[in-house]
Amino acid sequence: MSAGEETKEIICTACPRGCPLQVRVLREAVQVEGASCRRGVAFGRTEALDPRRVLTTTVRVRGGAVPVVPVRTRSPISRGLVPGVLAELRRVELLAPVSLHQIVLADPADAGTDVVTAASVEEVS
């Protein structure tokens, strides 16, 4: 391995196969070995240069049948943005009733996607 080169071994989650990948990074060049499909190659490149995750958590609900509702980002966000999005979500309290896929935050932390509810919550009368 030359100076500035980094090799990572990761398990691909792009499809159910779970291929073991060897990802070699030299500056901005990425070489992916072990992938059984194109999605695995793309996953390895993204994981090496800009790891992304779908963020899932809960937010408070006032006046609901349950005190919290699960929420998630509509699409994966850069892993480095997760703390900022979580900080914004800690300040959110929804008022029941809450509907499925309701937008909770539009483009928090300039993540490029919205946070939406993953369930509905009925209002308590």
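Residue numbers count from 1 along this sequence.
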- [ ] Any chance you could lay out the side-chain hydrogen bond (donor to acceptor under 3.5 Å, both in side chains) test for Ser120 and Ser99, step after step, and finish with the verdict?
- [x] CA-CA 4 Å; Ser120 58; Ser99 60; over 6 Å; no
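- Put simply, Leu86 and Val68 are part of two different groups of oily side chains (I, L, V, M, F, W, Y) that touch within less than 4.5 Å, one to the next.
- At least one donor-acceptor pair under 3.5 Å links the side chain of Arg60 to the backbone N or O of Arg90.
- For the atom pair Cys37 SG and Phe43 CZ, the distance stands at 11.0 Å (nearest 0.5 Å).
- Val82 and Val54 are assigned to two separate hydrophobic clusters, defined by single-linkage of ILVMFWY side chains at heavy-atom distances under 4.5 Å.
- Residues Pro108 and Val115 approach most closely at CG-CG2, 3.7 Å, considering heavy atoms.
- When all heavy atoms of Ala65 and Val121 are compared, the closest pair comes out as N-CG1, 3.8 Å.
- Under the 4.0 Å criterion applied to side-chain N and carboxylate O atoms, Arg53 and Glu47 are assigned as salt-bridge partners.
- The structure places CZ of Arg74 at 4.5 Å from CD1 of Ile103, a figure rounded to the nearest 0.5 Å.
- Atoms CZ and CD, on Arg62 and Glu93 in that order, are 4.5 Å from each other to the nearest 0.5 Å.
- For Gln102 against Leu94, the heavy-atom pair with the smallest separation is NE2-CD2, 4.3 Å.
- Looking at every heavy atom in both residues, Arg39 comes nearest to Cys15 through NH2-CB, 2.7 Å.
- Judged by distance alone, with hydrogens and angles left aside, the side-chain atoms of Glu123 form no donor-acceptor pair with the main-chain N or O of Gly63 at under 3.5 Å.
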TODO: I would like to know whether Asp114 and Thr73 meet side-chain contact (heavy atoms from CB on, under 4.5 Å); could you show each step before the answer?
DONE: CA-CA 6 Å; Asp114 298 331; Thr73 54; over 6 Å; no
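- Nearest heavy-atom pair across Gly18 and Ile11 is O-CG2, 3.7 Å.
- Two different hydrophobic clusters hold Val69 and Leu95 under the rule that ILVMFWY side chains link at heavy-atom gaps under 4.5 Å.
- Among all heavy-atom pairs drawn from Leu21 and Cys12, the shortest one is CD1-CB, 3.7 Å.
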TODO: I would like to know whether Arg45 and Val32 meet side-chain contact (heavy atoms from CB on, under 4.5 Å); could you show each step before the answer?
DONE: CA-CA 7 Å; Arg45 288 182 192 284; Val32 179; 4.1 Å; yes
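- In this structure, the separation between CZ on Arg17 and OG on Ser36 is 4.5 Å, given to the nearest 0.5 Å.
- Under the side chain to side chain contact (heavy atoms under 4.5 Å, CB included) test applied with Val104, the options Val98, Leu89, Val116 reduce to a single match, Leu89.
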TODO: Check step by step if side-chain contact (heavy atoms from CB on, under 4.5 Å) holds for Gln22 and Lys8.
DONE: CA-CA 6 Å; Gln22 296 77 40; Lys8 296 179 181 180; over 6 Å; no
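- In the hydrophobic cluster analysis, where Ile, Leu, Val, Met, Phe, Trp and Tyr join through side-chain heavy atoms closer than 4.5 angstrom, Val25 is grouped together with Ile10.
- Side chain of Glu88 to main chain of Val85: no donor-acceptor pair is present (N/O by atom type, distance under 3.5 Å, no hydrogens or angles).
- Residues Val71 and Thr57 form a side-chain contact, since some pair of their non-hydrogen atoms from C-beta on lies under 4.5 Å apart.
- Atom CG in Asp50 sits 8.5 Å away from atom CG in Leu81 (nearest 0.5 Å).
- Here CZ of Arg52 is found 8.0 Å from OG1 of Thr46. Values are rounded to the nearest 0.5 Å.
- Within the 4.5 Å cutoff, the side chain of Asp107 has no heavy atoms near those of the Thr113 side chain.
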